[in-house]
Visitor: 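Dumping the structure here so I can ask a few things about it.
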Amino acid sequence: MAGRKGLVAITIVVGAAIISDGRLLAAQRAEPPELAGGWEFPGGKVDPGERDEDALVRECAEELGVKIELGDRVGGDWPLALSGVLRVWTARLVEGEPKALEHIALRWLGADELYDVEWLPGDLPVVEAIASYLS
Ligand code: 9L3
Ligand code: MG
């Protein structure tokens, strides 16, 4: 895991705030057991040498079967447990309808429904930052 002495690997995770018709796509995680059932911005780990933005487009294709186009970066590095950070972009669908290929369920949340799901602790503060994009 950690490499040479004194260096700590930071895991970069990217997430997409996919917005369509004024609603935000939330995805319910299927794994690992300690996160299963929690809701997140779809996305995942950036591969070594991969651009963050490319990783996010790739992850949404893999997880949701859609092509997305990224918009704004939302905030900076949002802390995740276990030495990780979450980087979030707004996104819009350019091809396909999201399917829960790797998640338990998907939900489109309107501005008044943003907190109707149990967001993962790391994602929750980002939701507040997204609210302004839905009005
Ligand atoms: N994670 C947290 N919030 C998110 C995403 C996409 C991921 N919005 C956390 C869950 C995992 C780790 O980051 O611990 C890696 O995510 P993935 O590659 O398993 O999706
Ligand atoms: Mg993922």
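In each ligand, atom 1 is the first atom listed, and ligand 1 is the first ligand listed. Values in this document were obtained by computation on a predicted structure and should not be read as measured data.
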Visitor: Would you indicate whether the side-chain heavy atoms of Phe41 and Leu120 approach each other to under 4.5 Å?
Guide: no

Visitor: Looking at atom 15 (C) of ligand 1, what's its closest protein heavy atom, distance included?
Guide: Lys45 CG, 3.8 Å

Visitor: Which atoms from ligand 1 have a heavy atom of Gly43 less than 4.0 Å away?
Guide: 6 (C), 20 (O)

Visitor: Checking the N or O distance criterion of under 3.5 Å, is ligand 1 in contact with Arg29?
Guide: yes

Visitor: Answer yes or no: are there more than 12 heavy-atom neighbours, outside Glu118 itself, under 6.0 Å from its atom CD?
Guide: no

Visitor: Please list, in number order, the atoms of ligand 1 under 4.0 Å from a heavy atom of Gly44.
Guide: 6 (C), 17 (P), 18 (O), 20 (O)

Visitor: When Ile12 is tested against each of Leu80, Asp77, Val85, Asp47 for side-chain contact (heavy atoms from CB on, under 4.5 Å), which residue passes?
Guide: Val85

Visitor: Measure from the side-chain N and O atoms of Gln28 to the backbone N and O of Gly37, and report whether any donor-acceptor pair falls under 3.5 Å.
Guide: yes

Visitor: Please state which part of Thr11 comes within less than 4.0 Å of ligand 1, counting heavy atoms only: side chain, backbone, both or neither.
Guide: neither

Visitor: Name the closest protein heavy atom to atom 5 (C) of ligand 1, giving the residue it belongs to and the distance to 0.1 Å.
Guide: Glu40 OE1, 3.2 Å

Visitor: Is any side-chain N of the basic residue among Asp52 and Arg73 closer than 4.0 Å to the acidic one's carboxylate O?
Guide: no

Visitor: Answer yes or no: is there a donor N or O on one side and an acceptor on the other, between the side chain of Glu63 and the main chain of Gly43, under 3.5 Å?
Guide: yes

Visitor: For atom 12 (C) of ligand 1, which protein heavy atom lies nearest, and how many Å away is it?
Guide: Val13 CG2, 4.1 Å

Visitor: Would you say Asp123 has any N or O atom under 3.5 Å from an N or O of ligand 1, going by distance alone?
Guide: yes

Visitor: Determine, stepwise, if the pair Leu93 / Leu25 fulfils side chain to side chain contact (heavy atoms under 4.5 Å, CB included).
Guide: CA-CA 11 Å; Leu93 293 170; Leu25 185 70; over 6 Å; no

Visitor: Can you confirm, on distance only, whether ligand 1 has an N/O atom lying under 3.5 Å from any N/O atom belonging to Leu80?
Guide: no

Visitor: Would the distance check show the side chain of Trp119 and the main-chain N or O of Leu114 forming a donor-acceptor pair, the cut-off being under 3.5 Å?
Guide: yes

Visitor: Roughly how far, to the nearest 0.5 Å, is OG1 of Thr90 from CG of Leu70?
Guide: 7.5 Å

Visitor: Hey, is the main chain of Glu40 close enough, under 3.5 Å, to the side chain of Asp123 for a donor-acceptor pair?
Guide: no

Visitor: Of all the non-hydrogen atoms in the protein, which one sits nearest to atom 14 (O) of ligand 1, and at what distance?
Guide: Leu35 CD1, 3.6 Å

Visitor: Walk me through it: do Trp39 and His103 pass the test side chain to side chain contact (heavy atoms under 4.5 Å, CB included)?
Guide: CA-CA 9 Å; Trp39 292 76; His103 288 91; over 6 Å; no

Visitor: In total, how many protein N/O/S atoms does one find closer than 2.8 Å to the Mg ion (ligand 2)?
Guide: 2

